[in-house]
Amino acid sequence: MAAKYALWSIAALQGTGLMQPSCWTRWSVYEYMKHRFVSTGQVPNKSELLEELPDIDQTELIEGMAEFRLILGDWPIAGGDRSCSAR
């Protein structure tokens, strides 16, 4: 019964425009950033991410960007202010 109520509640919120579900998660952000970086050597900015992942929850966006930066660490970024020789 509780599950049925929860589904009804979500459906009710969706109908009001108060809740817009998104299939994008922090891992969608991380994977997009990873593939873009491996392909081009450039890290996408927030504007590009919002364009590529429409309707993403802001918390998921921020968490995904943070996860990518955590994994990227000190890797030199093309066009950045640190080159390989600076390390």
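Quantities reported herein were computed from a predicted structural model and do not represent experimental measurements. Residue numbers count from 1 along this sequence. The figures that follow rest on heavy atoms only: side chains count, while hydrogens, waters and symmetry mates do not.
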Listed partners of Arg36 passing side chain to side chain donor-acceptor pair (under 3.5 Å), at least two apart:
Thr40, Glu48
Applying side chain to side chain donor-acceptor pair (under 3.5 Å) to Lys34 and not counting sequence neighbours gives Glu31
Is Gln58 atom CD crowded by more than 12 heavy atoms from other residues, nucleotides or ligands, each under 6.0 Å away?
yes
Are Arg69 and Val43 close enough that some pair of their side-chain heavy atoms sits under 4.5 Å apart?
yes
Quick one: does Trp27's side chain get under 4.5 Å of Glu67's, heavy atoms only?
yes
If I compare all heavy atoms of [X] with all of [Y], which pair ends up nearest, and what's the gap?
| X | Y | answer |
| --- | --- | --- |
| Leu49 | Pro44 | CD2-CG, 4.2 Å |
| Cys23 | Ser28 | O-OG, 4.3 Å |
| Arg26 | Glu60 | N-OE1, 2.7 Å |

Between atom CE of Met65 and atom CG of Leu70, what is the distance when rounded to the nearest 0.5 Å?
14.0 Å
As an exercise, state the distance from CG of Asp55 to CG of Leu50, rounded to the nearest 0.5 Å.
10.0 Å
Distance-only, no hydrogens or angles: does the Trp24 side chain make a donor-acceptor pair with backbone N or O of Val29 under 3.5 Å?
no
Do Leu53 and Ile62 sit in one hydrophobic cluster, given that two such residues count as connected whenever their side-chain heavy atoms are within less than 4.5 Å of each other, even indirectly?
no
Should Leu72 and Tyr32 be regarded as members of a common hydrophobic cluster, given that ILVMFWY residues are connected when their side-chain heavy atoms come within less than 4.5 Å of each other, either directly or indirectly?
yes
